[in-house]
Amino acid sequence: MERNLRTPTKEKPYACNICFEAFSDHSNLKKHLRMHRKEKQYVCEICSKAFSLRQTLKLHLRTHTNEKPYACHICSKAFSQRNNMETHLRTHTKETPYACEICSKAFSLRQTLELHLRTHTKEKPYVCDICSKAFSDRSNLKTHLRMHAKEKPYACEICSKAFSQREHLKSHLLTHTNEKPYACDICSKAFSQRQHLKSHLWTHTEEKPYSCELCSKAFSQSRDFKRHLQTHTNEKSYA
């Protein structure tokens with residue numbers, strides 16, 4: 001029998017004896033207890049995935065039916081769950097209710113705040129099974145795994161060149177449009193890729209991050225560093 005370990009209140013007289021969450025009626029407490037017991041009596045007839053709550057199964061079925069009953073009243077984008085629609089609305093209202101206690105930066109999503117906190121803690125819980133490289137975000141690990149699998153799902157519609165990351169495809173598309181959105185604040189030279197601008201800035205700051213381990217000579221540009229290494233190996237460049 002479930003014991004009410006909290007002082008009974010008129011609003012929520014039923015409390016869980018495991019986590020002490022309180023409920024307004026006994027049936028909701030019983031549903032809640034199934035999650036602690038790992039009971040999953042509601043099974044999807046399409047994929048056999050099981051759930052402890054009927055409502056969770058109902059939400060899951062929408063992944064099969066593509067039903068999206070909750071639409072944004074501003075842009076009409078539709079969602080399968082109400083809370084996802086409410087979260088989406090913050091992109092319009094610019095509401096950022098989740099603030100970092102360390103640096104005060106605020107976010108619209110709790111998950112984004114949790115990811116941000118890892119920039120402070122340096123926590124990287126997602127580890128590649130192949131090379132042991134660790135990541136703070138599961139999606140970054142998923143992207144990394146494509147490099148091992150040689151998977152390239154993002155293809156250019158103009159020349160068919162494929163990439164493992166969406167961002168790499170976006171950068172590549174600029175080579176077709178000749179668009180150069182990244183401009184140097186010092187000399188106004190523009191680049192199609194942010195990394196190329198970063199490398200260019202080293203020519204102004206005289207920073208030389210590429211250092212030869214054989215002779216300690218340093219370079220600001222990766223291509224110059226690679227060319228220099230060939231002088232040690234007597235390797236002829238065909239670039």
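Heavy atoms only: backbone and side chains are in, while hydrogens, waters and symmetry mates are out.
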Could you pull out the closest heavy-atom pair between V127 and S132, with the gap in Å? CG1-O, 3.6 Å
With heavy-atom distances below 4.5 Å as the criterion, would you say the side chains of P125 and R138 are in contact? no
Other residues, nucleotides, ligands: >12 heavy atoms within 6.0 Å of E206 CD: no
Counting heavy atoms not belonging to D25, are there more than 12 under 6.0 Å from its CG? yes
For H60 and C44, which heavy atoms make the closest approach, and how far apart are they? NE2-SG, 3.5 Å
Would you say that more than 12 heavy atoms from the other residues, nucleotides or ligands in this model lie under 6.0 Å from the CG of D185, or not? no
F225 and C212, any side-chain heavy atoms less than 4.5 Å apart: yes
Pair up each side-chain donor or acceptor in residues 151-168 with any protein partner under 3.5 Å, not counting sequence neighbours, and list the distances.
none

Kindly determine whether K124 and F135 satisfy side-chain contact (heavy atoms from CB on, under 4.5 Å), including the steps that lead there. CA-CA 5 Å; K124 294 182 177 181; F135 300 87; 5.6 Å; no
Side-chain touch S80/L59, heavy atoms, less than 4.5 angstrom: no
Which heavy-atom pair separates T91 from H88 by the least distance, and what is that distance? OG1-O, 2.6 Å
To the closest 0.5 Å, what do you measure between OG1 (T112) and CG (D137)? 9.5 Å
Nearest-0.5 Å distance that lies between atom CZ in F107 and atom CG in L117: 8.0 Å
So, taking the atom named CG in L229 and the one named CZ in F219, what distance separates them when rounded to the nearest 0.5 Å? 7.5 Å
Looking at side-chain heavy atoms only, is the closest gap between L109 and L113 below 4.5 Å? no
For residues L174 and L169: do they belong to one hydrophobic cluster (side chain heavy atoms under 4.5 Å, members Ile, Leu, Val, Met, Phe, Trp, Tyr)? no
Heavy-atom nearest pair, A50 first then V43, reads CB-CG2, 4.0 Å
Distance col, row Q221:CD vs T203:OG1, nearest 0.5 angstrom, shows 6.5 Å
Which pair of heavy atoms, one from C187 and one from H204, lies closest together, and at what distance? SG-NE2, 3.5 Å
Could you tell me whether the side chain of R194 reaches within less than 4.5 Å of the side chain of S171, counting heavy atoms only? no
Please check if I130 and L141 belong to a single hydrophobic cluster, counting links between Ile, Leu, Val, Met, Phe, Trp and Tyr side chain heavy atoms closer than 4.5 Å. yes
So that I know where these two stand, are Y182 and H196 an aromatic pair - ring centroids less than 6.0 Å apart? no
Determine whether more than 12 heavy atoms belonging to other residues, nucleotides or ligands lie under 6.0 Å from atom CZ of R82. no
For N28 and F23 the tightest heavy-atom approach is CB-CD2, 3.9 Å
Taken to the nearest 0.5 Å, the spacing of L61 CG from N66 CG works out to 12.0 Å
Report yes if some heavy atom in the side chain of K122 is under 4.5 Å from a heavy atom in the side chain of S136; otherwise report no. no
For R118 and E123, indicate whether the former's side chain and the latter's backbone hold a donor-acceptor pair under 3.5 Å. no
Given side chains that start at C-beta, do those of H200 and S220 come closer than 4.5 Å, heavy atoms only? no
Might you work through the side-chain contact (heavy atoms from CB on, under 4.5 Å) test for H92 and C75, ending with a clear yes or no? CA-CA 9 Å; H92 295 296; C75 69; 3.5 Å; yes
Minimum side-chain heavy-atom gap K217-S211 below 4.5 Å: no
Are L89 and Y70 connected into the same hydrophobic cluster when the rule is that any two of I, L, V, M, F, W, Y join if their side-chain heavy atoms are below 4.5 Å apart? yes
Rounding to 0.5 Å, atoms OG1 (T143) and CZ (R146) come to a distance of 4.5 Å
Test of understanding: clusters of I, L, V, M, F, W, Y form through side-chain heavy atoms closer than 4.5 Å, transitively. Do Y126 and L145 belong to the same one? yes
